[in-house]
Amino acid sequence: MLDMKHPLRLESYVCGAWRAGTGSPKPLRDAATGAVVAEIDSTGLDFAETLAYGRAAGAQLRAMKLHDRALMLKALGLRLMEQKDAFHALSLATGATPKDGQIDIEGGIGTLLNYASKARRELPNTRMLTDGVVEPLSKDASFSAQHILSPLRGVAVHINAFNFPIWGMLEKLAPNLLAGMPAIVKPASQTAYLTELMVRRIIETGLLPEGSLQLVCGGVGDLLDHVTGQDVVTFTGSARTGQMLRAHPAIIGNSTRFTMEADSLNACILGPDATSDSPEFDLFIREVVREVTAKAGQKCTAIRRVIIPRAQADAVRAALDAKLGAISVGLPNDPTTRMGALASLDQREDVRRAIAALASEAEIIFGNPQSVQVTTGDPEAGAFLNPVLLYADQPMRAQAIHDVEAFGPVATLMPYDDLGQAAELAALGKGSLVSSLFTNAPDVAEDVVLGLAPFHGRVMIGNRDSAKSSTGHGSPLPMLVHGGPGRAGGGEELGGMRGMHHYMQRTAIQGAPRLLAAVTGRWLDGAEARADTHPFRKSLAKLRIGDQLITEKREITLEDIEHFAGFTGDTFYAHMNEDAARANPFFEGRVAHGYLIVSFAAGLFVQPDPGPVLANYGIDNLRFLTPVYPGDRLGVQLTCKDINPRAEGDYGEVRWDCQVSKADGEVVALYDVLTMVAKTWPA
Ligand code: NDP
């Protein structure tokens, strides 16, 4: 693929410098031609020093606010996207076609960008996060508790797999850097040249604080001996290696967080309603073919087990034969190639061994793993393999087909006799990353999905309605959890902002509200408040948490209720009919509308003149606590709870604690009012 007279000598980026190993390097070969692409070696690196250097760099990341970290990821993603052609050119050497390369390259950079924008939308612009609600621990509001999340003080060590040299790095880095923790990436040797190229480009941008990203090309030597309880180790690869690393004495001894994503025998189930004349049948066939052949089946989410109604076995087999027969295998840069090469000749031998193990229980019904047919390229020098399909007639009694992961273009068909058996077969995989179900029947969806869910991190339902918009079985998405229980490693990655939590410590903080507010930067009931100027007259430059307004009281009359009912059309009986309202177990007569109370509250607290408050963009956590009757007098206590200036833009979000009470102090409604406020006023 690459015209390289001199193979690239890969370097590691540690302790602020690019360093080559001092031992004899191992050659890395182009997957499709066998030519040496690069050489790798990490001998001589001081891993204790590397960890210490990373830990020290954490201070700079932690000093940044969350929105600044998110903007850093955005800028990085945009710069990397500009250079994607260079990554694509090198990606061909991994055996990936340009389409496969998109999953890795654009998919990886897209994950960075997605985290960058989601974080700015969903998270406050702070250095730590609050988690859940304030828990009052005393009747007089003098002792309360709040959970917080703060970044760990160590380094995240990411040990990655060969199949996604870019996405595999970036999907872990995005939540990791956002959380405020530095990282050391150790790519799988086989495809480390592509990761190394991207890390070079990342470091060149100068966008990351120095030390927040280090790279080890080659073995990690004694690195794991030096991890502490503040470090995190993540692993993607084979279950065997993962289990060995998880049992490392330093990881066990220090309770170092260890996240593992390993082999997974993902299933795709055809519902009994999806007969061969249904759109779901065609969608199912298309999905299976795509998942068996994309990245030559080297995806952790690829479909390995195809679970079908016994009555459909012949139809499924015929449809798959026809589609798989049309898959041309050849050089990744040949435009007629539908499927490229496996990552290496060793990997091909592994897959052949796995097929032989599967064939002890299942019959090969399509393809011949020993005979390779290519349209371009050398079938012996390149790690090519045509798709292989097996059929296991009695899958409930078989073992290897639920145990052995052939990490290539290989799947096994398994018929089920009743619907309960379909989910049971999937569960025999002992925990998978993802399974999918193709059905148009709601009862089938309910039965099967509830059967699958405890064994999976993600379940996708495919049918005619989502055919055009579906993101597919095999695509992990930044906003959805990626990981699976049991055999899949028991880990969890991504999942939107949940992904950051692996790099943060959750701590319950207990104390007097005034001191809790100082810790979290968020006002809570019982903390200090001050009422001077109307807080809506204060720009972000002047506004402080605890700034408060206590309004006049306003009486609610029967006329108000009738006017509101007539004006809005809300003539629900509890507001209009005295007898019917009395018959209701909650009311003693006609009551005011909840939305009338909220509207009157706004009328009481608003400051009408043009000022720094730009807009009201919502209400959170609205609860009505007690009914309001004609004659009740209501007042509002509005307190500035949370101030989040945007890192970019001349305004920020302000959250106000709003309590509406009766004259005797009984609280009627509680909610947060959300507003946008200018940073300065006059602007
Ligand atoms: P490995 O488990 O051998 O390697 C995964 C990662 O672990 C690589 O970065 C590897 O580095 C590293 N590693 C290996 N040994 C050690 C060690 N002693 N200490 C620290 N790090 C170590 O998996 P492979 O990449 O070789 O793939 C083998 C099989 O794993 C595949 O055939 C497939 O079945 C499965 N796999 C599953 C994936 C999934 O996501 N479900 C993804 C990829 C593979 P190095 O490359 O330098 O040895």
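Note that ligands are numbered from 1 as they come in the structure, with each ligand's atoms numbered from 1 the same way. Note that the structure is a prediction, hence the values are computed from the model and not measured. Below, all heavy atoms of this structure are taken into account, side chains as well, without hydrogens, waters or symmetry copies.
- A distance limit of 4.0 angstrom between heavy atoms and ligand 1 selects the residues Ile159, Asn160, Ala161, Phe162, Asn163, Lys186, Pro187, Ala188, Ser189, Val220, Phe235, Thr236, Gly237, Ser238, Thr241, Met244, Leu245, Glu261, Ala262, Asp263, Cys300, Gln347, Glu405, Phe407.
- Between the side chains of Tyr53 and Glu210, at least one donor N or O sits under 3.5 Å from an acceptor N or O.
- The residues Glu196 and Arg200 are annotated as salt-bridged, a charged nitrogen and a carboxylate oxygen being separated by less than 4.0 angstrom.
- Of all non-hydrogen atoms in His88 and Gly101, the two that sit nearest each other are CE1-C, 3.6 Å.
- Inspection of the Thr97 and Asp100 side chains reveals an N or O donor paired with an N or O acceptor under 3.5 Å.
- Using a 4.5 Å heavy-atom threshold, the side chains of Tyr503 and Arg257 count as separate.
- A donor-acceptor pair under 3.5 Å is formed between the side chain of Ser12 and the backbone N or O of Cys217.
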